[in-house]
Amino acid sequence: MQNSTLYIQQLRQLLQMEYDSEKEEFRLQSEKMGIKRKIHRGICWYPIEAGRSYYNSLNQLVVEIFKKDTNEEDEDIEPLFEYGKPVQFFQPRGNNKLSFQSTENNKLQDNEKPTYFPFSSTVSYVDGNRMVVTLPSSQALIDLQNATDLGVQLYFDETSYKTMFHALDDVINAKKNRLAELRDIFAGQLKPDKRTFAPMQFPWLNKTQEAAVNEVLWAKDVEVVHGPPGTGKTTTLVEAIYETLHRETQVLVCAQSNMAVDWISEKLVDHGVPVLRIGNPSRVNDKMLSFTYERKFESHPDYPELWSIRKTIRQMKENRKHGDNIHQKIARLRERATEIEMHITAQLFDEARVVACTLVGSANKVLFRQKFSTLFIDEAAQALEPACWIAIRRASRVILAGDHQQLPPTIKCYEAMKQGLGKTLMERIVSNLPECVTLLKVQYRMNDAIMQFSSNWFYGGEVQSDESVKYRSVLDFENPIQWVDGNEMLQEVNQELEQEEKLDIDFTEKFIGENHGRINKAEAELVLTTLLNYINKIGKERFLEERLDVGIISPYKVQTQYLRQQIRKREEFRPFRQFISVNTVDGFQGQERDIILISLVRSNDSGQIGFLSDLRRMNVAMTRARMKLIIFGDKETLRHHAFYRQLIAYVEKTLQEK
């Protein structure tokens, strides 16, 4: 058993390695990567125009930014701008306007180096091609308004790292307090404690969900709700929060991403729970906005007076003449403004039963000195441990929910990952405190044949299918899981043809770009042909009438981009486009579709499979399917790995049984 303080010190060193690595990568990216490539990476908008500016409810100067010259290719770009991210504005060097309209190749030129404005800003809100950005000063606004040619790109996120370092320092230095106790409990040095009272019954939950809610209510220190795909983790967590609020005045609910916070917040609102959302939501609709701190703040009856005072202060500053002595007047107005601000904030927190934010967002100044009896961390298996400690400092007990057999946190420094930065707090607690873990064992998403391999490999065969989904399928008597090998099919077809008629199709993967992008166009074509044939087999009218939805997944981004382009280009897909989603594994996390097609891409003579060996991603990909799963991959390449060897054997066995 490792000393808990020593472990956190080592964790801090690994975070420092990740910080140094990401900062250096950003520096090289800024210096060497052209604007066009940054746009295609989703980290840059160009060209843009600045719209209206105003002071928001938090008295921050903001400006609206609009992306211009959008085209079809933008649909392939995964946007990375979101609330709280730092950004930097730029102009092409010498202010020579870059253009999407080039006489030579009709593409944005990529050899221009930009000049950056001498300030950074923060994203306050993003919706499609519109972004609201918080500016550091009125001079920054003047600089932007005077610029004739503008772009904006993501800036290195110092704030998140500083917040995590500060949290880890607090944990390391904690002595004889609740934070020190939790640190030692999570390390297995102290025994977690439980309350003792009769279990409650929840007839609308299954037995393992009911057990999980009771374990949450009994836990004095920590509990983990382990929710494999389709087992109703969110339903269970919402019920646990709802029941906890019968015993506690207020709880803190966090997740790694804004999207995950939005999801759990929306479910709680549907349950009738008053939620105060700190930070702007990523899913933009009136329902979501109505429970944000900013919207509630500006809707408060005392806000007009506060707005008037702030406006007066700004006017007094702007109109002040040399020698005027109005400091005392401004000081009195500021004092009154602070008094109103504190009153509104206190009232908003008093009314909220759940305070919801990202883990990093829990360091927001509006939460200063706020303490909570219970912290719930959703999607805990995707969060870096240092980020979890930011929120844990505010809580007396911690409930984690997630699945460490699905997507892990994103780590850019290989050495830091290898030494353990990728091991999440949830994984550590599962390992150190198995008595504090409840596994949800009944899944409501997949046909049993789709689910069974995942259950056997990742969950010890403990996850079972509910009767309502066990035999669900698109077509009667079909095999719900299927493997398609392009090379195998080609050999079978060519055996039936004369020598001069034999087909010559290359299913070998191709390497693209500096970031180990892989593409397999022949396999992509096979995916699309197979999908069209399957739609025809279902019947086009039935497919459209029942609104069957399709997900096409590939671990490789360039493969997904190629597939999207082909679907847009081909007329035969036009009636079905709105029902077909194409994305990477990460893009499908938390989603499900009636039909899933997975393009594994890798096909080579050496048996190299790259990050297909991260089996958690494959678990996510396979378990998105409700009724039909079709996997495309070169068996000879993939059989070198035990997981894929057994998966291929499993699929072949289900085919024989059919």
Side-chain angles (χ1 to χ4, degrees), residues 228-231 403 405-407 443-455 457-458 463 465 469-475 478-486 520 523-538 542-543 546-557 559-564 566-567 573 576-602 612 614-633 638 643-644 647-648 650-652 654-655 658:
T231 54
D403 180 11
Q405 300 295 354
Q406 293 190 61
L407 291 182
Q443 69 88 18
Y444 299 88
R445 176 185 298 165
M446 294 160 273
N447 180 291
D448 194 61
I450 297 171
M451 182 278 304
Q452 201 58 57
F453 183 83
S454 173
S455 175
W457 184 279
F458 294 102
V463 179
S465 302
V469 301
K470 199 166 189 175
Y471 304 109
R472 71 193 303 186
S473 60
V474 180
L475 298 169
E478 74 165 340
N479 190 13
I481 184 168
Q482 179 182 346
W483 192 291
V484 178
D485 181 338
N520 192 326
E523 184 173 282
E525 298 294 333
L526 184 58
V527 169
L528 298 179
T529 302
T530 304
L531 175 56
L532 276 175
N533 290 340
Y534 191 60
I535 291 173
N536 288 330
K537 194 174 180 181
I538 296 167
R542 182 193 158 199
F543 184 91
E546 295 184 12
R547 303 179 70 84
L548 296 172
D549 50 9
V550 177
I552 303 177
I553 304 176
S554 178
Y556 292 92
K557 192 174 180 180
Q559 185 81 344
T560 64
Q561 289 172 342
Y562 179 76
L563 283 159
R564 279 198 210 107
Q566 294 306 305
I567 289 170
F573 280 106
F576 315 114
R577 281 177 195 154
Q578 63 177 309
F579 304 110
I580 302 172
S581 313
V582 185
N583 217 325
T584 58
V585 181
D586 298 55
F588 269 101
Q589 172 79 350
Q591 300 184 42
E592 56 188 79
R593 297 289 187 275
D594 295 319
I595 303 155
I596 287 287
L597 300 91
I598 305 173
S599 175
L600 296 177
V601 174
R602 301 308 294 261
L612 290 188
D614 185 348
L615 305 180
R616 291 171 292 186
R617 282 191 150 74
M618 193 61 187
N619 186 32
V620 172
M622 293 191 302
T623 55
R624 301 309 94 193
R626 297 189 195 105
M627 296 186 278
K628 180 71 173 180
L629 172 64
I630 309 174
I631 303 170
F632 296 79
L638 293 159
F643 171 86
Y644 292 98
L647 176 57
I648 292 164
Y650 173 80
V651 175
E652 289 172 347
T654 60
L655 185 61
K658 279 287 175 182

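Predicted model, so just to flag it, every value in this text is computed and none were measured. The chain is numbered in sequence order, starting from 1.
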- Query: Should Phe579 and Arg593 be marked as a side chain to side chain contact (heavy atoms under 4.5 Å, CB included) after you check the CA-CA gap, both sets of side-chain angles, and the distance that decides it?
  - Reply: CA-CA 10 Å; Phe579 304 110; Arg593 297 289 187 275; over 6 Å; no
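- Using a 4.5 Å heavy-atom threshold, the side chains of Leu647 and Leu638 count as separate.
- Residues Phe588 and Ser581 have side chains in contact (heavy-atom distance under 4.5 Å, counting atoms from C-beta outward).
- A distance of 8.0 Å separates CD1 of Ile596 from CG of Asp549, quoted to the nearest 0.5 Å.
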- Item | Audit row: Gln566, Phe573, side chain to side chain contact (heavy atoms under 4.5 Å, CB included) steps and yes/no | CA-CA 9 Å; Gln566 294 306 305; Phe573 280 106; over 6 Å; no
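- When atom types are taken as modelled, the side chain of Ser455 and the backbone of Val463 share a donor-acceptor pair closer than 3.5 angstrom.
- Counting only N and O atoms by type, the side chains of Ser599 and Glu523 include a donor and acceptor under 3.5 Å apart.
- For the side-chain contact (heavy atoms from CB on, under 4.5 Å) test, residues two or more places apart in sequence or in another chain that qualify with Asp586 are Leu407, Thr584, Arg617.
- For Tyr471, the OH atom sits in a loose shell: 12 or fewer heavy atoms of surrounding residues, nucleotides or ligands are nearer than 6.0 Å.
- When all heavy atoms of Val469 and Ser465 are compared, the pair lying nearest together is CG2-CB, 4.4 Å.
- Looking only at distances, a side-chain donor or acceptor of Gln559 sits under 3.5 Å from a matching main-chain atom of Asn520.
- Contact check for Ile481 versus Met446: no side-chain heavy atoms found under the 4.5 Å cut-off.
- Taking the six-membered ring where the residue is Trp, Tyr650 and Phe453 present tilted rings, their angle falling between 30° and 60°.
- One N or O on the side chain of Tyr644 and one on the backbone of Leu612 form a donor-acceptor pair closer than 3.5 Å.
- Considering only heavy atoms from C-beta on, Ile538 comes within 4.5 Å of Leu475 through its side chain.
- Between the OG atom in Ser554 and the CG atom in Leu600 there is a gap of 7.5 Å [rounded to 0.5 Å].
- The closest donor-acceptor contact from the side chain of Asn619 to the backbone of Gln405 lies under 3.5 Å.
- Judged by distance alone, the side chain of Trp483 and the main-chain N or O of Gly633 form a donor-acceptor pair under 3.5 Å.
- Taking 4.5 Å as the limit, every side-chain heavy atom of Ser454 sits out of range of all side-chain heavy atoms of Met451.
- Side chain to side chain, Gln482 and Tyr534 fail the donor-acceptor criterion of an N or O pair below 3.5 Å.
- In plain terms, the two heavy atoms of Met627 and Pro480 that are nearest each other are O-CB, 3.6 Å.
- Counting only distance, with no hydrogens or angles, the side chain of Gln443 and the backbone of Arg445 share a donor-acceptor pair below 3.5 Å.
- With rounding to the nearest 0.5 Å, the separation of CG in Leu615 from CD in Gln406 is 13.5 Å.
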- Task: Start with the C-alpha distance between Ile580 and Leu531, add both sets of side-chain angles, then the distance that settles side chain to side chain contact (heavy atoms under 4.5 Å, CB included), and finish with yes or no.
- Result: CA-CA 10 Å; Ile580 302 172; Leu531 175 56; 3.9 Å; yes
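- Counting heavy atoms from C-beta outward, Arg564 and Thr560 have side chains that approach closer than 4.5 Å.
- Salt-bridge formation is detected for the pair Lys628/Glu478: a Lys NZ or Arg NE/NH1/NH2 atom is positioned less than 4.0 Å from an Asp or Glu carboxylate oxygen.
- Looking only at distances, no side-chain donor or acceptor of Asp594 sits under 3.5 Å from a matching main-chain atom of Arg626.
- Considering CZ of Phe458 and OG1 of Thr623, their distance stands at 8.5 Å, rounded to 0.5 Å.
- Considering all non-hydrogen atoms of both residues, Arg602 and Tyr556 come closest at NH1-OH, 2.9 Å.
- Considering every non-hydrogen atom in both Phe543 and Ile595, the closest pair reads CE1-CD1, 4.3 Å.
- Using a 4.5 Å heavy-atom threshold, the side chains of Arg577 and Ile567 count as touching.
- Rounding to the nearest 0.5 angstrom, the gap separating the CE atom in Met618 from the CD1 atom in Ile553 is 9.0 Å.
- Taking CD1 of Ile598 as the reference point, atom CD1 of Ile552 lies at 11.5 Å (rounded to 0.5 Å).
- Summarising the geometry of Phe632 relative to Leu526, their closest heavy-atom pair is CE2-O, 3.9 Å, with the distance given to 0.1 Å.
- Taking 4.5 Å as the limit, every side-chain heavy atom of Arg616 sits out of range of all side-chain heavy atoms of Val585.
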